[in-house]
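Please read the structure below before turning to the comments.
The residues of the chain are indexed from 1 along the displayed sequence.
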Amino acid sequence: VQLQASGGGLVQTGGSLRLSCAASGGTFSNYGMGWFRQAPGEARDFVAAISANGRNTYYADSVKGRFTVSRDSAKNTVNMQMNSLKPEDTAVYYCAANEYSWSEVLYAFQGRYRYWGQGTLVTVSS
């Protein structure tokens, strides 16, 4: 599976961005999807995840209530709407895919993801 993330950019505090991750080369409905982010000088952290059937979602506490993950099976994409952005949201955002059954614990663990996109940079100015 090949993943292509897009939608990053520069936004002011309180603004919004919508990230997309386009999947190709596999059966999209077989894969649970996750978003992770890596700020400069820091480790890559879990942000959000969605199950293969789209019925389950899970968010890091830091983004809960501000970010919403969804998937569009017709377009083979996973989207993440990011609202009320803060400077601490500045990072490179990566989408990833896994073939495991839904589990919040597993989906938050980046080691469970087999496929990764190239990342898209989100910069939130204060």
field: Between T77 and D72: side-chain donor-acceptor atoms closer than 3.5 Å
entry: no
- prompt: W102 and Y107: aromatic ring centres closer than 6.0 Å?
  reply: yes
query: Which value, rounded to the nearest 0.5 Å, describes the distance between S62 atom OG and E88 atom CD?
result: 9.0 Å
message: Is any side-chain heavy atom of Y31 closer than 4.5 Å to one of N98?
response: no
- request: Taking T90 for its side chain and T123 for its backbone only, find out whether a donor-acceptor pair lies under 3.5 Å.
  value: no
message: Looking at R66 and Q81, would you say the former's side chain and the latter's main chain have a donor-acceptor pair under 3.5 Å?
response: no
- prompt: Would V78 and I50 count as a side-chain contact (heavy atoms from CB on, under 4.5 Å) if you check the C-alpha gap in whole Å, the side-chain angles of each, and the deciding distance to 0.1 Å?
  reply: CA-CA 9 Å; V78 173; I50 186 167; 4.3 Å; yes
message: Tell me whether W35 shares a hydrophobic cluster with Y58, the cluster being built from Ile, Leu, Val, Met, Phe, Trp, Tyr side chains joined at under 4.5 Å.
response: no
query: How far apart are the C-alpha atoms of M82 and R18, what are their side-chain angles, what is the distance that settles it, and do they pass the side-chain contact (heavy atoms from CB on, under 4.5 Å) test?
result: CA-CA 6 Å; M82 306 187 298; R18 183 177 178 85; over 6 Å; no
- request: Determine the minimum heavy-atom distance between F28 and A23, stating which atoms define it.
  value: CD1-CB, 3.6 Å
task: Grab the two heavy atoms, one from A91 and one from R37, that are nearest each other, plus how far apart they are.
output: CB-CB, 3.8 Å
field: Any donor-acceptor pair under 3.5 Å from Q12 side chain to V124 backbone
entry: no
- request: Decide, yes or no, whether a salt bridge links K64 with D61 under the criterion of side-chain N to carboxylate O below 4.0 Å.
  value: yes
query: Just checking, R44 and Y94: is the charged tip under 6.0 Å from the six-membered ring centre and within 45° of the axis?
result: yes
query: Where do V47 and Y93 land on the side-chain contact (heavy atoms from CB on, under 4.5 Å) test, with the steps shown first?
result: CA-CA 9 Å; V47 178; Y93 284 72; 4.3 Å; yes
query: Could you give the distance from CG (L19) to CG (N79), rounded to the nearest 0.5 Å?
result: 9.0 Å
- prompt: Do Y59 and F46 make the cut of ring centroids closer than 6.0 angstrom?
  reply: no
Same apolar cluster (I L V M F W Y, side chains within < 4.5 Å links), V92/L3: no
task: Apply side-chain contact (heavy atoms from CB on, under 4.5 Å) to the pair Q4 and C21, showing each step before the final yes or no.
output: CA-CA 5 Å; Q4 180 76 33; C21 176; over 6 Å; no
- prompt: For the atom pair CZ (F109) and OG (S103), what is the distance rounded to the nearest 0.5 Å?
  reply: 12.0 Å
statement: What one should report as the nearest heavy-atom pair of A5 and C95 is CB-SG, 4.1 Å
query: Which distance, rounded to the nearest 0.5 Å, do you find between the OG1 of T13 and the CG of L85?
result: 8.5 Å
Nearest heavy-atom neighbours spanning S16 and S84: OG-N, 4.3 Å
query: In Å and rounded to the nearest 0.5 Å, what is the OH to CD distance from Y115 to E99?
result: 5.0 Å
query: Is the cationic atom of R112 (NZ for Lys, CZ for Arg) positioned less than 6.0 Å from the six-membered ring centroid of Y100 and within 45 degrees of its normal?
result: yes
query: Do the ring centers of F36 and W116 come within less than 6.0 Å of each other?
result: yes
message: To the nearest 0.5 Å, what is the distance between OG1 on T120 and CE on M80?
response: 10.0 Å
message: Is it the case that the side chain of Q38 and the backbone of E42 share a donor-acceptor pair, with hydrogens and angles ignored and the cut-off at 3.5 Å?
response: yes
- request: Measure across Y113 and L106 and return the closest heavy-atom pair with its distance rounded to 0.1 Å.
  value: CE1-O, 4.4 Å
